[in-house]
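Quantities reported herein were computed from a predicted structural model and do not represent experimental measurements.
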Amino acid sequence: MNRTDVLSLALKLTTQNREHEHGVFRENAAVASKMISGFLGFEVHPWQVPVLLTLLKLARISQNRSNPDSWVDAAGYIALAAELVDEADGKAD
């Protein structure tokens, strides 16, 4: 899988309408950040949720670097984090 394949698939997965199946990612991240904050005892922001998910994908890559799913998902999660940071900072695209 080359970089174009990884980024193209990540783009498709993060921009197609998956809300009917998974809900709105922004809202999922907000709920997850509250849950993680409660569990850890300190504030976790919604944009940090996809960063944490990226870390999980990186851990999986360290165990099996040939699985394209982990590379694609990591790229997608980072893109989602960037979008949430922009929204948090008032920079909507």
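Closest heavy-atom contact between L13 and Q16: CD2-NE2, 4.0 Å. Here the shortest heavy-atom pairing between I61 and S70 reads CG1-CB, 3.5 Å. Nearest heavy atoms, S62 versus A59: OG-O, 2.6 Å.
In this structure, L58 and L55 have side chains that are in contact, with non-hydrogen atoms separated by less than 4.5 Å. Residues M1 and W71 are not in side-chain contact: their nearest non-hydrogen atoms beyond the backbone lie 4.5 Å or more apart.
Rounding to the nearest 0.5 angstrom, the gap separating the OG1 atom in T14 from the CD1 atom in I78 is 12.0 Å. From L80, atom CG reaches atom OG1 of T54 across 8.5 Å, with rounding to the nearest 0.5 Å.
There is no path of hydrophobic side-chain contacts, each under 4.5 Å, that joins L7 to L9. Cluster membership check: I36 shares its hydrophobic cluster with Y77, using side-chain heavy-atom separations under 4.5 Å among Ile, Leu, Val, Met, Phe, Trp and Tyr.
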Inset, instruction - Please lay out, stage by stage, how D69 and R60 fare under the test salt bridge (Lys or Arg N to Asp or Glu O under 4.0 Å). - result: CA-CA 10 Å; D69 178 67; R60 288 183 176 175; 5.2 Å; no
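N64 meets the side-chain hydrogen bond (donor to acceptor under 3.5 Å, both in side chains) test with S66; sequence neighbours excluded.
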For residues 38-52, tabulate all N or O donor-acceptor pairs below 3.5 Å that involve a side-chain atom, not counting sequence neighbours.
from, atom 1, to, atom 2, distance (Å)
Q48, OE1, H45, N, 2.7

Distance-only donor-acceptor hits, side chain of residues 23-32, under 3.5 Å, sequence neighbours excluded:
from, atom 1, to, atom 2, distance (Å)
R26, NE, E87, OE1, 2.7
R26, NE, E87, OE2, 3.3
R26, NH2, E87, OE2, 3.0

